[in-house]
Amino acid sequence: MSAPKRLGRLERPALMGVLVREIINFASFWRSSTFSATVEPTVYLLAFGFGFGSLVSTVGGYDYVEYVGTGTVATAVLFSSAFPAMFGTFVKYKFQRTYDAILAAPVDTEELVTAEVLWLSVRAGTYGCAPMLVAIVFGLDPSWGMLLVPFIAMIAGFGWACFGTTISAIVNSIDNFNYITSAVLTPLFLVAGTFFPIDGLPQWAQVIAQINPLYHLVELVRHAVFGFEPGADLIHLGVLVFFALLMWRLAIHFMEKRLIA
Amino acid sequence: MPALRLRGVVKRFGNLTAVDHLDLEVPEGTCVGLLGPNGAGKSTTMRLLTAQAIPDEGEIEILGLPLPQRSKEARALCGVVPQLDNLDVTLTVEENLRVFAYLYRVPRNDRKAAVERALQIANLTDRADTKVDKLSGGMRRRLLIARGLVHQPQLILLDEPTVGLDPQVRQELWALIDRLRSEGVSILMSTHYIEEAERLADTVTIMSHGQAVATGTPRDLITEHAGHEAVEVYGPPAKLHEVEQEAKAAGYATRRTGTSISILNANGYEGERRPTNLEDVFVLLTGEEIA
Ligand SMILES: Nc1ncnc2c1ncn2[C@@H]1O[C@H](COP(=O)(O)OP(=O)(O)OP(=O)(O)O)[C@@H](O)[C@H]1O
Ligand SMILES: [Mg+2]
């Protein structure tokens, strides 16, 4: 027998192994998850776009349907990354012990977490486009910049999937997700400039918006669709990348604490 | 080089010492049984071997690789069968095996054959497309074991492989484990079934409260701790108590069974004789009753 070769970090075969499991699994439930990931933001789009749109015709210089159609991309990204990461991770380490089985194989926690969030971010990149496509049907003009939206959504989805993983590694009961949803995700979701511009909000809410990755996602998506503002957009992108990297390391750290005794 | 070696390994959970200065060795190509009552530290020992738990003290080496530094390479060479079923219930039998062929890096061209072989080992070839949650308990166990063998590991870690199975399925699994050993695979198997250890293990380590209290071949352990013969006395509790006190006073080791008392190492003791067995040793050393 030859000496086994030394294995490094973040190896492709390890990431592949975890991804293959997700892909096979997805083949059996893609219908339901695609349904909820696309229908939910569409409902928001229609309710706000037409309900509110009948009161206000333009917001910040955009048609209201265009405004909401681009804004709800962020909603779709959040719904298809943070939530599946929170619930999915918890179920997989606590109830199904899937992660126990995977970590007995030549896969490290870092690889496990990375592969799981990569998969979620690809899904978020795809599902994130759904509201924009629906908005096109309702009058949003297609533009070249839209081709960048899946990638922007993917970066943000990576960060939010890592956020969800971190939360699920920290909580002790699935009920605790309610606190996070009510106290963190819902407020951030509302001060992101999705449905109304943040400049009408009180000063403190505007400050929160500046550190809210969802706000930067909304802005960047809108600019990709309607035209970039290079200086501002570099900051928006920088925030998203920073958020993704920070959350990635946190997710790995807390999952290691949770999975390795 | 032994397949596996632990030296002075300690693992604490807060105030509880789950593994307490454990020395353990699995010579290559042998089957070592880790026999111990509930809570003895068997599963914790298994988790230390996959670096899913990190020891507080001591050294662990698997196939010459020091843990936890080289644990990933070690894991690639080990097959693990956990005590608690962690199959993917939403996937089919074949999909479960395929995922593990990827996780264990079976080369692309061998993957299909590896899955086929594992299906045969599990005797589930005709159930390949059945979802795991539709399988019987025995089938799930067989799949769990076959999953750990998909990459033809050199060392297998079996944590209570036959717990909760009916006698016939257990016999089948014993035959499988026996066959693997005869093919040269090294095996560490935890169990609290005496018969399982007696049947399969070349050497047995009896574990109690995290410590190895005795190690040897089943035969040697019996001779050393229980002698060749035991005298078994039946009677009402008061009588048994009296006999126990007498035997102890005379320097004999004893063990209680539900309705009787056994005097071990019974040379020179009057009464009905029977050969000693590993159960006598287990009860004597761990203080546990066999249900
Ligand atoms: N992650 C953990 N945190 C705290 N205590 C633990 C943990 N894992 C195990 N223990 C404790 O360590 C001791 C040994 O447990 P272990 O599971 O290793 O026993 P075992 O020999 O496998 O028992 P069984 O036959 O019941 O499976 C027990 O007291 C258990 O409660
Ligand atoms: Mg156990």
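Worth saying up front: this structure is predicted, and the values here are computed from it rather than measured. Here is the naming used below: chain letters follow the sequence lines, and residue numbers restart at 1 for every chain.
- Here B:K72 is the residue among B:R98, B:K72, B:R47 with the most heavy-atom pairs under 4.5 Å with chain A.
- Contact tally against chain A (heavy-atom pairs below 4.5 Å) for B:P82, B:G64, B:A53: the top residue is B:A53.
- If you measure heavy-atom distances from B:A74 to chain A, you find no contacts under 4.5 Å at all.
- Your options are A:V18, A:T109, A:D108, and the one with the most heavy-atom pairs under 4.5 Å with chain B is A:D108.
- Between B:V99 and the choices A:N25, A:I102, A:T98, A:I24, the side-chain contact (heavy atoms from CB on, under 4.5 Å) rule is met once, by A:I24.
- More than 12 heavy atoms of other residues, nucleotides or ligands sit less than 6.0 Å from atom CZ of A:F87.
- Applying the 6.0 Å contact sphere to CZ of A:F35 captures no more than 12 heavy atoms from other residues, nucleotides or ligands.
- Contacts between A:E111 and chain B at a heavy-atom distance below 4.5 Å involve the side chain alone, from C-beta outward.
- Going from atom CG of B:N86 over to atom CG of A:L103 covers 10.5 Å, rounded to the nearest 0.5 Å.
- Within a 6.0 Å sphere centred on CZ of B:F13, other residues, nucleotides and ligands contribute more than 12 heavy atoms.
- Top candidate by heavy-atom pairs under 4.5 Å with chain B, chosen from A:K92, A:Q96, A:R97, A:M16, is A:R97.
- Chain B forms the most heavy-atom pairs under 4.5 Å with one residue out of A:L19, A:I23, A:V107, and that residue is A:V107.
- With hydrogens and angles disregarded, a donor-acceptor distance shorter than 3.5 Å links the side chain of B:R75 to the backbone of A:A105.
- A:R21 contributes no side-chain N or O that, together with a main-chain N or O of B:D88, makes up a donor-acceptor pair within less than 3.5 Å.
- Contact tally against chain A (heavy-atom pairs below 4.5 Å) for B:L84, B:V80, B:T50: the top residue is B:L84.
- Contacts of B:N96 with chain A are absent, with no heavy-atom separation under 4.5 Å from either backbone or side chain.
- B:I54 touches chain A through backbone and side chain together, each having a heavy atom under 4.5 Å away.
- Summarising the local packing, CZ of A:F151 is surrounded by 12 or fewer heavy atoms from other residues, nucleotides or ligands at distances under 6.0 Å.
- Residue A:A104 comes nearest to B:Y104 through the heavy atom pair O-OH, 3.2 Å, listed as atom of the first residue, atom of the second, then distance.
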